[in-house]
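Reading through the structure tokens given below for one structure.
Position 1 is the first residue of the sequence; numbering continues from there. Quick note: numbers below take in every heavy atom, side chains included, and nothing from hydrogens, waters or symmetry partners.
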Amino acid sequence: MLPGGLLVLGVFLVTSPDLSKDSQNALRKLIFTVEKSSMKNRLWTSDDNDVSERVAVHICSATRKITCRTFDVKDPKSTAKPADWKYQNSALSWLTIDCNVCVDVTIPLISSSSSYKEQQKSTRTGLAKWAKELDDIIILLNGQVKDKSSDLLEDQKKARSVAHSSSQMIKASIVKPSLLSNDTRSTAVVQTCKSSLRIQGIVKCRAYIQSTKAKVNEAFQALKRDILNTIADRCEILFEDIILNGPQNESEKTTTPLPQRVFVPIHGSSVMLCDYVFGDESAEDLQNRFAEILDQDVRFDGIHFAEEKGSVNKADENQDPDVSCHLDPLKESQPKALNKNVTSSKLQQNLGIVMAAAVAIVAVLLSFQYLLE
């Protein structure tokens with residue numbers, strides 16, 4: 001439910017005075033268990049810039065006394081360190097980064113087993129390889145290329161009204177560089193498989209950054225992590241639903257829409273949490289789930305559907321939902337060789353041609369403007 005840039009900071013525990021002595025051991029176990037659970041099946045790992053300290057807050061139900069301590073989750077033998085607990089008079093100022101990402105990932109399924117657990121395992125492996133491709137992408141912020149070490153709001157520093165607003169929006173775009181511009185030679189990877197799984201569509205990605213002294217590289221990292229999270233989470237939710245409830249369509253060749261992403265506001269903050277819903281879930285199901293998890297009533301008109309619901313008609317296989325999972329079983333006599341890098345090279349070449357044409361058009365317009373002057 002956490003978009004990019006947001007992590008679980010810690011846990012709190014409310015106990016009566018007679019249980020206060022045991023609360024520290026319980027909090028320590030909770031801290032490390034929650035961290036392990038939140039990072040399970042993630043396609044990215046923490047780096048040196050990430051804060052590894054997590055907060056444990058104990059509240060006495062009788063005296064209302066608050067005890068705050070921190071633990072280093074990177075150190076399994078970490079001991080509690082005392083910390084100050086302070087309240088803020090005003091809400092934090094958040095910067096919202098929105099991006100639509102076109103995803104087209106083909107995952108080979110080597111095993112001939114029709115088990116959905118095997119397909120889920122292969123999907124995790126395939127997505128882990130795809131995640132490495134995001135290391136080379138170029139992110140444009142409001143259509144501009146920015147240095148990673150520069151301030152995110154460098155252009156707006158002089159505009160005090162913008163810099164001090166409670167919420168700001170930045171539109172991001174993803175560009176993948178062409179392999180033709182690299183000096184290194186690309187080697188195609190060919191893999192024989194029994195079938196393939198294709199994840200295709202446009203996904204809505206969002207990241208939040210604290211606007212005070214925010215850096216461009218922080219925004220890039222938060223957005224990349226959200227891209228990886230939303231794809232991995234949708235696949236996990238889909239496979240869990242199929243394993244528990246069975247597939248909706250037992251046909252030989254199926255296209256299944258992945259869960260749709262929705263955002264819901266938090267009272268008193270400009271930050272929104274997200275969740276995923278299937279097409280057959282009602283508005284009441286959504287509202288009940290948010291009430292249970294967030295302990296707050298959410299009006300249906302307050303739920304933001306980031307993506308339009310897609311539908312698939314088997315008679316028209318060219319009609320794809322916004323984001324879908326397509327299973328393509330192959331006959332035993334016709335093993336399929338996946339040449340992912342070659343396909344990627346063609347796509348990247350087309351992107352390079354489009355970017356070159358755009359640069360040429362800009363150059364012509366500038367020349368024309370110069371002649372007019």
Side-chain angles (χ1 to χ4, degrees), residues 1-4 6 37-44 98-107 109 116-117 119-128 130-131 197-207 223-251 254-266 272-294 298 300-314 319-328:
M1 296 186 70
L2 298 180
L6 302 181
S37 176
S38 63
M39 295 302 295
K40 184 180 179 181
N41 297 326
R42 285 290 176 237
L43 300 177
W44 53 270
D98 263 3
C99 182
N100 291 328
V101 181
C102 183
V103 177
D104 192 352
V105 185
T106 301
I107 299 172
L109 303 178
Y116 287 102
K117 290 186 176 180
Q119 294 179 12
Q120 184 182 37
K121 184 178 179 180
S122 298
T123 302
R124 290 172 180 170
T125 303
L127 289 179
W130 166 74
L197 194 69
R198 188 177 186 184
I199 302 170
Q200 186 181 30
I202 298 176
V203 297
K204 182 76 171 183
C205 299
R206 177 174 295 180
L223 192 59
K224 286 181 180 180
R225 288 179 177 181
D226 188 68
I227 297 172
L228 296 173
N229 286 349
T230 187
I231 295 298
D233 289 341
R234 293 177 206 236
C235 292
E236 290 292 329
I237 293 172
L238 176 63
F239 277 110
E240 287 175 4
D241 182 70
I242 293 177
I243 292 172
L244 290 175
N245 304 318
Q248 296 180 355
N249 192 341
E250 290 286 358
S251 62
T254 61
T255 300
T256 306
L258 288 175
Q260 181 189 11
R261 194 176 198 182
V262 297
F263 289 93
V264 60
I266 305 176
M272 302 181 77
L273 299 182
C274 72
D275 199 3
Y276 298 93
V277 297
F278 287 99
D280 57 351
E281 290 187 88
S282 65
E284 186 178 356
D285 294 333
L286 269 176
Q287 291 172 302
N288 291 337
R289 187 155 71 239
F290 286 131
E292 179 183 357
I293 297 175
L294 303 179
V298 178
F300 181 73
D301 54 8
I303 301 175
H304 178 218
F305 288 81
E307 301 148 353
E308 295 181 0
K309 293 185 179 181
S311 60
V312 177
N313 185 353
K314 190 178 178 184
Q319 182 183 359
D320 292 330
D322 287 324
V323 56
S324 62
C325 183
H326 182 81
L327 178 62
D328 186 10

_Check against side-chain contact (heavy atoms from CB on, under 4.5 Å), W44 and K224_ = CA-CA 9 Å; W44 53 270; K224 286 181 180 180; over 6 Å; no
*R289: what forms a salt bridge (Lys or Arg N to Asp or Glu O under 4.0 Å) with it, not counting sequence neighbours?*
D275, E281
*Would a 4.5 Å heavy-atom cut-off, applied to side chains only, mark V203 and R261 as touching?*
no
*L197 vs S122 side-chain heavy atoms within contact, under 4.5 Å*: no
*Kindly write out the residues that satisfy side-chain contact (heavy atoms from CB on, under 4.5 Å) with A232, not counting sequence neighbours, or none if the list is empty.*
L43
*What about F290 and F300, are their ring centers closer than 6.0 Å?*
no
*Using modelled atom types only, decide if a donor and an acceptor are shared between the side chain of Q200 and the backbone of D104 within a distance under 3.5 Å.*
no
*asked:* Restricting to non-hydrogen atoms, name the atom on G302 and the atom on P265 that form the minimum distance, rounded to 0.1 Å.
replied: O-CD, 3.2 Å
*Can D241 and N245 be counted as having a side-chain donor-acceptor contact under 3.5 angstrom?*
yes
*Any side-chain donor paired with an acceptor under 3.5 Å for T230 and D233?*
no
*With K204, which residues qualify under salt bridge (Lys or Arg N to Asp or Glu O under 4.0 Å), at least two apart?*
D98
*Could you walk me through whether I107 and W130 pass the side-chain contact (heavy atoms from CB on, under 4.5 Å) check?*
CA-CA 9 Å; I107 299 172; W130 166 74; over 6 Å; no
*asked:* Please enumerate all residues that pass side-chain contact (heavy atoms from CB on, under 4.5 Å) together with E292, with sequence neighbours excluded.
replied: none
*Beyond-backbone contact of L258 with Y276, side-chain heavy atoms, under 4.5 angstrom*: no
*Excluding sequence neighbours, so at least two apart, what forms side-chain contact (heavy atoms from CB on, under 4.5 Å) with R124?*
N41, Q120, E236
*asked:* Return the CD1 to CD distance between I243 and Q119, rounded to the nearest 0.5 Å.
replied: 9.5 Å
_For P259, is there any backbone N or O sitting under 3.5 Å from a side-chain donor or acceptor partner on R234?_
yes
*Does the side chain of L294 come within less than 4.5 Å of I266's, by heavy atoms?*
no
*Could you check L273 against I293 for side-chain contact (heavy atoms from CB on, under 4.5 Å), going step by step and ending with a plain yes or no?*
CA-CA 11 Å; L273 299 182; I293 297 175; over 6 Å; no
_So which atom in L223 and which in C205 form the shortest heavy-atom distance, rounded to 0.1 Å?_
CD1-CB, 4.2 Å
*When you measure from the side chain of D226 to the backbone N and O of R206, does any donor-acceptor pair fall under 3.5 Å?*
yes
*Closest heavy-atom contact between P257 and L238?*
O-CD1, 4.5 Å
_Residues forming a side chain to side chain donor-acceptor pair (under 3.5 Å) with T123, sequence neighbours excluded_ = none
*Considering only heavy atoms from C-beta outward, does the side chain of I199 approach that of L127 to under 4.5 Å?*
yes
_Nearest-0.5 Å distance that lies between atom NZ in K117 and atom CD1 in I242_ = 13.5 Å
*Report the residues that fulfil side-chain contact (heavy atoms from CB on, under 4.5 Å) with S37, sequence neighbours left out, ordered by chain and then residue number.*
none
*In chain order, what residues pass the side chain to side chain donor-acceptor pair (under 3.5 Å) check against N100, with sequence neighbours excluded?*
none
